[in-house]
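Position 1 is the first residue of the sequence, and the numbers go up from there. Counting starts at 1 for both ligands and their atoms, in listed order.
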Amino acid sequence: MRFLTKTTKDIEADTAICFTFEDTSNNGDLFNYLNEKSNNQLYKQIHDYKTISGKFCEIFKYSIDETIKVYIVGLGKRSDLTRKKLSIATSSVARKLKHDSKNKTLAVELVENINENNQVEYNFSKAQSANIVLTALRIGLYEYDKYLTNKKDEIETIELVENELNSEIEKEAEIGAYTSYAMKFAKDLVNEPAQIATPNYIAQIAAKIAKEHKLEAKILNKNQIKDLGMNAFLAVGQGSVNEPKFIHLTYKPKTTPRKKIALIGKGITFDAGGMNIKPATSMLTMKDDMTGCASVLGIIQAISKLNSDIELHVISALCENMTSGSAYKQGDVLTAKNGKTIEVDNTDAEGRITLADALCYADTLDVDEVIDIATLTGAVIVSLGNNITGVMGNNQAQIDKFINCSKLSCENTWQMPILDELKNNLKSEIADFKNTGGRNAGTSTAAWFLSNFTKSNSWLHLDIAGTAYLDKSNQETLSGPTGVMIRTLINYLIS
Ligand code: BES
Ligand code: MN
Ligand code: ZN
C-alpha cells in the first residue's frame, strides 16, 4: 500500500472519504472540491435533503458521474470529537468500502479540532489528523488472506488531501505510515498459526529484520540461554518439541541517544497451559500469546525507519507452553537469572516466569527505562474488558506520560495498582515466591511478581490480555489481532 499527500488538483482517487458534523458544516478542501464536481449535490444532500445528519459513524455514499465514489461519514458534534472518535469513524468507513467493487485509490481529507476544552484527546491539528486517519484507514482495511484460496482486492494507494501541505503534515503522515505498517506486521505474525510461528520461525524473522534495518542482533539457542542463567524461562519451554529462542535486537541512532529504552514482549508461541492444561475454549486463540513479541518487532522497524534519536532494545523470550512427559510441573522450584527462586503453583502462569528472566536480562543493558508488553492475565479482562489496556509500573511520572500518550494515540489505558501487600498472595514455604496466588487481584499480583525481577526504577508493564485479540469485531477493529499499544508505544518512544 502506498501513501501520498496531495492537493485537490492532483488527486487520482476512484473513492473518497469526507467528514461531516451534526452541528457545523464541513469546509475541508476535498469536500469542497468534490462538492463542486457534483454541482453542489453533496452540500444539498446534507443541508437540504438531510440524507445524512452527521451523527457519529453514520455513513452516506454518493457517486459522482460514476468516476468517483464519495463516502461521507458523520463525526457527531464538533465539540465532542476526540482523536479516538475520528479513528473509529475513519476505520469503520474503511471497513464498509473495502469490498465495495474494485477501489484502487482512496482519497481522504484532513480535519482539525481546536477546542476550548484543553484535554489532549479533544485537540488535534490537521497534521496530527494525517497520522490518525492514515493509521485508522489501515486498521479498517486490514485483512488476513494468506491462507485463503481467493485473495481479496486491496486498496493500492491512499491519498491524504489538503491544499496547504506543509512539513508538519508530511512528518505526521510518515509517522502514521510506519505506525500502521508496524501494526500490520504484528497482526500478520499473530495471525500466523502456531504450527508455523514457532520460536525458531520468529527468531528467523527477527534476524531478517535486523539485516534489513542494520540492527544489532543476538539470537540465543537453548544452550546459550542456559549459559546466561535464564533457567526459569527454559523450564516453561521444556515440554515442547519446538526449542526456545531468546531474541535481542538493538537500534542505535547515528548520534548520542537521547534515551535508552528496553522493550520486552511476551513470546509464548502457544499457551496450552502446560500441566494445568487450559479448557479447550480458552486454548482456542492461544497462538496470540506472542502478541507482545510481534508488537515489539513491529515497533523497532518503525523506530528505525523514522531515524529516531533513542536507543531501542527489543527483547523476547520465545517458547511454547505445552503438556508432555518433559513439561515442567506443579511444585517445581525454578531459579531465575537474578538468583531468586519461584515455586510453580500453576504452570499456566507461564508468562510471568519467562518475563522474569527477560527483565533480569534487560537489567544488564544499562538502559534508562524498561517496558514490557504481555498478554499476561485473564483477570485484566474481568477488570477492564476488551477495549482498555492495564498499565502498571514503579514510576508514576512514566505511567502518567504513557497514559497521556495513549490519549494522543487513540488508545484506551487505565492504571492498576501494585501494592506491596500483594506479596502475601505469593508466599511460598520453600521458595522466594509462588508464581500464582488465587483469583483475587490477578492482574496486580502478576505485576507485583514481575516487579521483583527488575532493578529499573522506570519500569512500565502493559497487560494486553484483554485487548490484543478480539473474538468479535468492534466499530474500529476487525475480530482477531488488534495491534494494540503499538500506536501509543511509538508515540511514547519518539516523544
Ligand atoms: N496467556 C494467558 C493469559 C490470557 C488469558 C491471555 C486470556 C489472553 C486471553 C496467561 O498465560 C494465563 O494463562 N494466565 C492465567 C494465570 C492464572 C493461572 C493465575 C490466567 O489468567 O488464567
Ligand atoms: Mn498461561
Ligand atoms: Zn500465556
J.: Answer yes or no for R439: is there a heavy-atom contact with ligand 1 below 4.0 Å?
T.: no

J.: Is a side-chain donor or acceptor of T90 paired with a backbone partner of L86 at a separation under 3.5 angstrom?
T.: yes

J.: Judging by distance only, is a nitrogen or oxygen of K278 under 3.5 angstrom from one on ligand 1?
T.: yes

J.: Which ligand 1 atoms does E350 reach within 4.0 Å, using its non-hydrogen atoms?
T.: 11 (O)

J.: Say whether N346, considering both its backbone and side-chain N or O atoms, lies within less than 3.5 Å of an N or O atom on ligand 1.
T.: no

J.: Is the distance from the ring center of Y251 to that of H213 below 6.0 Å?
T.: no

J.: Atom 2 (C) of ligand 1: which of D271, I268, I353 has the nearest heavy atom?
T.: D271

J.: Just to the nearest 10 degrees, tell me the angle at the Mn ion (ligand 2) spanned by D348 OD1 and E350 OE1.
T.: 120°

J.: For atom 12 (C) of ligand 1, which candidate among T354, D348, T285, I381 holds the nearest heavy atom?
T.: D348

J.: Evaluate E243 against K226 for salt bridge (Lys or Arg N to Asp or Glu O under 4.0 Å), listing each step before the verdict.
T.: CA-CA 12 Å; E243 295 217 333; K226 192 178 269 165; over 6 Å; no

J.: Ring centres under 6.0 Å, that's the criterion: do W448 and F433 meet it?
T.: yes

J.: Nearest N/O/S atom of D271 with respect to the Mn ion (ligand 2), by atom name, please.
T.: OD2

